[in-house]
A.B. asks: 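Supplied in structure tokens, the structure appears directly below.
Protein chains get the first letters and strands the later ones, always in sequence-line order, with residue 1 at the start of each. The shown structure was predicted, so the numbers you read here are calculated from the model rather than taken from an experiment.
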Number of protein chains: 2
Amino acid sequence: MVQFVHPARGDITLEGVLAALADPMRLRIVKVLLGQADCLSCTAAAPCPDMAKSTLSNHFRVLREAGLIRTTKKGVENRNTVREADINARFPGLLKAILKHAGE
Amino acid sequence: MVQFVHPARGDITLEGVLAALADPMRLRIVKVLLGQADCLSCTAAAPCPDMAKSTLSNHFRVLREAGLIRTTKKGVENRNTVREADINARFPGLLKAILKHAGE
DNA sequence: TTCAATAGTCCCATATTTCCGAACTATTGA
DNA sequence: TCAATAGTTCGGAAATATGGGACTATTGAA
């Protein structure tokens with residue numbers, strides 16, 4: 001069974017992380033995911049309900065390719081989590097520093 | 001004498017800062033400016049010599065509008081500095097956390 | 001003064017990126 | 001088997017970035 005592809009820890013780049021989090025929608029997605037102990041489906045973590053499915057899907061793809069989230073399929077839906085440990089290992093303090101002020 | 005306009009400290013937004021620094025060229029500009037005790041002209045802080053003047057000028061405008069740098073005219077050239085104190089006052093630790101890993 | 005050189009900005013055409021609707025796939029539950 | 005649900009993919013439209021060239025402003029030299 002092939003899962004979605006995520007970059008290895010070392011391949012997470014600062015540029016990629018910043019570009020991914022520079023979009024307010026994606027920043028909100030990550031914030032919501034972090035506030036949740038459990039995984040969340042894409043729609044559950046959607047920043048606004050009227051966003052097109054394709055746009056939402058694209059945002060999650062960007063987050064995955066930047067290495068910010070991990071996605072696995074569970075039945076009909078995706079289970080998304082922030083790759084907090086990997087990101088902190090690669091860029092200590094970065095995620096916390098950014099999200100501390102997100103959504104003010 | 002009218003100078004360039006910079007947003008007030010409180011108007012510096014996380015979204016604006018991230019969007020500005022998400023571009024690798026602008027990130028390098030800020031890094032170079034921070035490494036310099038003094039101000040730098042736009043061309044002196046240019047990330048690559050073959051970049052078009054108009055593009056470079058645009059990058060500096062984005063950095064200004066995001067509140068990341070302050071620009072004053074001195075004779076024929078601009079003097080640019082990072083608004084480190086203002087940014088740190090608004091988002092403590094953010095700039096340092098980002099730039100710690102820039103250019104690895 | 002006048003003139004050339006220098007540093008940036010502005011404008012516009014092109015190139016790239018993003019967004020969304022619609023069609024498609026895959027999984028579940030009835 | 002069929003309908004419903006969750007995401008993905010594709011293609012065109014809208015938004016954004018890039019760079020060339022003309023323009024402005026300042027300086028320093030003749």
A.B. asks: Figure out the NZ/C1' separation between Lys73(A) and dT8(D), and round it to whole Å.
C.D. replies: 8 Å
A.B. asks: Asp86(B): what forms a salt bridge (charged side-chain N to carboxylate O under 4.0 Å, His left out) with it, not counting sequence neighbours?
C.D. replies: Arg9(B), Arg70(B), Arg83(B)
A.B. asks: List for me each residue that meets side chain to side chain contact (heavy atoms under 4.5 Å, CB included) alongside Ala102(B), sequence neighbours excluded, and say none if there are none.
C.D. replies: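 Per chain and number, Ala102(B) pairs via side chain to side chain contact (heavy atoms under 4.5 Å, CB included) with Leu14(A), Leu27(B), Lys31(B), Leu99(B).
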A.B. asks: Let me have the donor-acceptor pairs involving side chains of residues 35-45 of chain B, under 3.5 Å, with sequence neighbours excluded, atom names and distances please.
C.D. replies:
{"from": "Ser41(B)", "atom 1": "OG", "to": "Thr43(B)", "atom 2": "OG1", "distance (Å)": "3.4"}
{"from": "Ser41(B)", "atom 1": "OG", "to": "Ala44(B)", "atom 2": "N", "distance (Å)": "3.1"}

A.B. asks: My understanding is that only residues two or more places apart in sequence, or in another chain, count here; which of them pass side chain to side chain contact (heavy atoms under 4.5 Å, CB included) with Ala97(B)?
C.D. replies: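 Side chain to side chain contact (heavy atoms under 4.5 Å, CB included) check on Ala97(B) returns Leu94(A), Ala97(A).
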A.B. asks: Taking only residues two or more places apart in sequence or in another chain, which ones pass side chain to side chain contact (heavy atoms under 4.5 Å, CB included) with Thr55(A)?
C.D. replies: Met51(A), Ala52(A), His59(A)
A.B. asks: Could you tell me whether Arg64(A) contacts a base, only the sugar-phosphate backbone, or nothing, with contacts defined as non-hydrogen atoms closer than 4.0 Å?
C.D. replies: sugar-phosphate
A.B. asks: Atom CE of Met25(B) and atom P of dT16(C): how far apart are they, to the nearest Å?
C.D. replies: 15 Å
A.B. asks: Starting from P on dT6(C), measure out to CG on Asn78(B) and report it in whole angstrom.
C.D. replies: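 Distance, rounded to whole Å: 17 Å.
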A.B. asks: Rounded to whole Å, how long is the line connecting atom NZ of Lys74(A) with atom P of dT27(C)?
C.D. replies: 14 Å
A.B. asks: Rounded to whole Å, please give me the gap between CZ in Arg61(B) and P in dG19(D).
C.D. replies: 15 Å
A.B. asks: Quick one: salt bridge (charged side-chain N to carboxylate O under 4.0 Å, His left out) partners of Arg28(B), sequence neighbours excluded?
C.D. replies: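 Residues passing salt bridge (charged side-chain N to carboxylate O under 4.0 Å, His left out) with Arg28(B): none at all.
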A.B. asks: Tell me which residues in residues 30-47 of chain A put a heavy atom below 4.0 Å from DNA chain D, sorted by number, or none.
C.D. replies: Ser41(A), Cys42(A), Thr43(A)
A.B. asks: Calculate the interatomic distance between Glu77(B) atom CD and dT27(D) atom P; express it in whole Å.
C.D. replies: 11 Å
A.B. asks: Between Asn78(A) (side chain only) and Asn80(A) (backbone N and O only), is there a donor and an acceptor less than 3.5 Å apart?
C.D. replies: no
A.B. asks: Return one dot-bracket line describing DNA chain C 5' to 3' (Watson-Crick or G-U wobble pairs, both distances under 3.5 Å; ( ) same strand, [ ] crossing, | another strand, . none).
C.D. replies: ||||||||||||||||||||||||||||||
A.B. asks: Pull out every residue in residues 48-59 of chain A that has a heavy atom closer than 4.0 Å to any atom of DNA chain D, ordered by number, or say none.
C.D. replies: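 Heavy-atom cutoff 4.0 Å gives Lys53(A), Ser54(A), Ser57(A).
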A.B. asks: Check the distance between dT8(D)'s P and Phe60(A)'s CZ and give it to me in whole angstrom.
C.D. replies: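 Atom-to-atom, Phe60(A) to dT8(D), this comes out as 9 Å.
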A.B. asks: Looking at residues at least two apart in the chain, or sitting in another chain, which of them share a salt bridge (charged side-chain N to carboxylate O under 4.0 Å, His left out) with Glu65(B)?
C.D. replies: Arg61(B)
A.B. asks: Please check this pair: side chain of Arg90(A) against backbone of Ile12(A), looking for a donor-acceptor N/O pair closer than 3.5 Å.
C.D. replies: yes
A.B. asks: Write down the distance between CG (Asp23(A)) and C1' (dA15(D)), rounded to a whole number of angstrom.
C.D. replies: 13 Å
A.B. asks: Who passes ring pair (Phe, Tyr, Trp, His ring centres under 6.0 Å) against Phe91(A), sequence neighbours left out?
C.D. replies: His101(B)
A.B. asks: Can you name the residues that form a side chain to side chain contact (heavy atoms under 4.5 Å, CB included) with Ala22(A), not counting sequence neighbours?
C.D. replies: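 Leu18(B), Ala19(B), Ala22(B).
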